[in-house]
Amino acid sequence: MRYSNYFLPTLKETPADAEVVSHKLMLRSGMMNKLAAGIYNYLPLGLRVIRKVENIVRDCMNEAGAIEVLMASVQPAELWEESGRWGYYGNELLRFKDRHQRDFCMGPTHEEVITDIVRSYVKSYRQLPVNLYQMQTKFRDEVRPRFGLMRGREFIMKDAYSFDTTEEGANNSYQKMRNAYCKIFEACGLEYRMVDADSGAIGGSFSHEFMVLAETGEDMVISCDKCDYAANVEKAIVIDKGEVATAPMLEVKRVVTKAAHTVADVAAMLSLPPNQIVKTMIVVADEVLVAVLIRGDHELNEAKIKNLLGAAVVELATAAQIVEATGGPIGYSGPVGLKLPIYADNAVKYLRNICVGGNEKEIHLEGVNLERDFKVRQFADLRNAEAGDSCPVCTGSYLNTRGIEVGHIFKLGTKYSEAMKATFLDADGKSNDIIMGCYGIGIGRTAAAAIEQNHDENGIIFPMAIAPFHVIITMVNPKDEEVARASVELYDDLQKAGIEVLLDDRDERPGAKFKDADLIGIPLRVTVGARGLKEGLFELQERRSGEREMLPIAETAQTIVSRVRKALNLRG
RNA sequence: CGGGGAGUAGCGCAGUCUGGUAGCGCACCUGCCUUGGGAGUAGGGGGUCGCAAGUUCGAAUCUUGUCUCCCCGACCA
């Protein structure tokens, strides 16, 4: 591609509304532009990158035996009513009516549609298993779109759905996708972790997230500093470890704590370390109130209490509910004399002489002890993991890092097939629900994550596999006939060899061209100038390291071809 | 949805407090000059100041309403 014929509007200055580096660089490099909040146009350069990511994903999916389809983006409400999600999904679902006043939505995901397709055609176990996927533009009316492609409302996603007749089959399908995902993110040149995740609202039995490690990530990832264990904060296991304190039990003492209703306030007022205070959180689990005890310096993990109780919904009680249940205002709840079932985090059982709320305005109790003063129905892992906690798998300890969720795989089970009657007849002629799995990858988010992980102060540094071009040839002075001739010759040779080349033939000052080349992140740059030509040399510069070398003109094309092939790991 | 901030030329911004008919840098167009890290020079084009109503002789500037965008929080496959 000749730059002079291309459409590549780079910006010298960063648009004011971009916050994170990938967003800034994608705007500055002319990869995309904004049409509305969370809605972007892909310009030619950005589209090339998107296509690269898509093709890597496509190759790996096909290799794993998945079959590509393309479903409708506009979906009828009936399907969503069948699965029960029309009422459940909330404002994130963009709904509208057609001219006949029938309800539709822009698809935010396609479980309903794919299940409808499969149930229409699949009747027999002989037709299974099958795994269908698509790359498609989805729409989720996010509360707060931000960070460019990282959290857009309209975004391209690869979503795959597997259908199996047995648990083993479904697990096998899941494993295949897991392996394919590892391949995909490796092929994209990303540093990532696969983490245990909570399966959340989509339902199902188990799930992994693929997180690209980056400081600007929106998710917290707990990972072991010694082994491969990594998990979402929601899910990270905190092992039950400790010894019961041996201090003699003190008498319970009432203390007045005016206007102190946070752990920090109480700790400061009574000169106690926060880990000697136990907070009593009142939560509502499917309309039943329970108390949860958490050490003062820890955080309650709502997903864990939800799973422990087997509840569908868990939320913190309102101030009014707390007053009614405990007799005291919010901030002064405690386990002593409390009429609710009490659950406690494991850490609580090792404490002696703790400080708790008195269930009375401005009163706390000190010297409180388990068993003597209150009873706990069940101890469990109920808090968020923290950096420094012990790894459940090895002897390492937890690190707290940030990640960008680029992929998520779920074993769904029969949630949708049951609701939507997607069944098959087994060898005995008996009807069964199909066992499903679903597997997503954010295509644009993957591209953005790659930039978060690969950039410097001058711009993007694309990994070869997803670079919009492999090489850029910078003509120092395109008006110099020798320079023009030699550049075009190299350009032709490289193209014939299947290398993707951008020829910067613009009549611009060299400095401007170098800056643009750096900004758009092409991995290799050949500089063709009168100075080098006199010696019969081209200059080859690597974007990432900045290393330059002078190559004889005759050898340059071949050197580049082998460098590109090597960087692509001989793929293609 | 709660809190905060911003809408003035393609981009980045000043001007608003104290009303007098819009400016700077970059980009763009033309000429000269220049060609290894966003040159120099001379000239030029481009804005109903987000929108609407109001106050006023006069509104980018004051008032009210409204829309949009950004940040923090809550929420989230």
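Naming: A, B, ... by sequence-line order, numbering from 1 per chain.
Side-chain N/O atoms of A/R146 include one lying less than 4.0 angstrom from OP1 or OP2 on B/rC72. The side chain of A/R509 places no N or O atom within less than 4.0 Å of a non-bridging phosphate oxygen (OP1 or OP2) of B/rU35. At least one side-chain nitrogen or oxygen of A/R144 sits closer than 4.0 Å to the OP1 or OP2 atom of B/rC72. Dashed line: the shortest gap from a side-chain N or O of A/K34 to OP1 or OP2 of B/rC70 is under 4.0 Å.
Each of A/Y491, A/F462, A/Y6 was checked for a ring-ring contact (aromatic ring centres under 6.0 Å, His included) with A/F469, and the lone residue meeting it is A/Y6.
Between the side chain of A/D518 and the base of B/rG37, at least one donor-acceptor pair of N or O atoms lies under 3.5 Å.
For the pair A/L533 CG and B/rU35 C1', the computed distance is 14 Å after rounding to whole Å.
Using Watson-Crick or G-U wobble geometry with both donor-acceptor distances under 3.5 Å, B/rG2 finds its partner in B/rC72. Across all strands shown, the partner of B/rA42 is B/rU30, judged by Watson-Crick or G-U wobble contacts whose two distances both fall under 3.5 Å. B/rA52 and B/rU64 make up a base pair, with Watson-Crick or G-U wobble contacts both under 3.5 Å. Applying the Watson-Crick and G-U wobble criteria (two distances, each under 3.5 Å), B/rC13 pairs with B/rG23. Under the Watson-Crick and G-U wobble criteria, each requiring two contacts below 3.5 Å, nucleotide B/rA77 is left unpaired.
Using a 4.0 Å cut-off between charged nitrogen and carboxylate oxygen, A/D456 and A/R544 do not count as a salt-bridge pair. A salt bridge is defined here as a Lys NZ or Arg NE, NH1 or NH2 lying under 4.0 Å from an Asp or Glu carboxylate O, and A/E82 with A/R119 meets this definition. Between A/K479 and A/D507, at least one side-chain nitrogen of the basic residue sits less than 4.0 Å from a carboxylate oxygen of the acidic one, meeting the salt-bridge criterion.
For A/A37, the listed nucleotide lying nearest its side chain is B/rC69; candidates were B/rG38, B/rC72, B/rC69.
At least one test fails for A/R95 against the ring of A/W80: distance under 6.0 Å to the centre or angle within 45° of the axis.
With ring centers used as reference points, A/H23 lies under 6.0 Å from A/Y40.
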- request: Could you give me the CA-CA distance, side-chain angles and deciding distance for A/E299 and A/K279, then say whether salt bridge (Lys or Arg N to Asp or Glu O under 4.0 Å) is met?
  value: CA-CA 10 Å; A/E299 275 176 38; A/K279 51 190 171 187; over 6 Å; no
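For the segment residues 13-23 of chain A, residues with any heavy atom less than 4.0 angstrom from an atom of RNA chain B are, sorted by number, A/E13, A/T14, A/P15, A/A16, A/D17, A/E19.
The separation of B/rA59 from B/rC49, taken at their C1' atoms, amounts to 11 Å, rounded to a whole angstrom. Separation of the P atoms belonging to B/rU16 and B/rA6 is 14 Å when rounded to the nearest angstrom.
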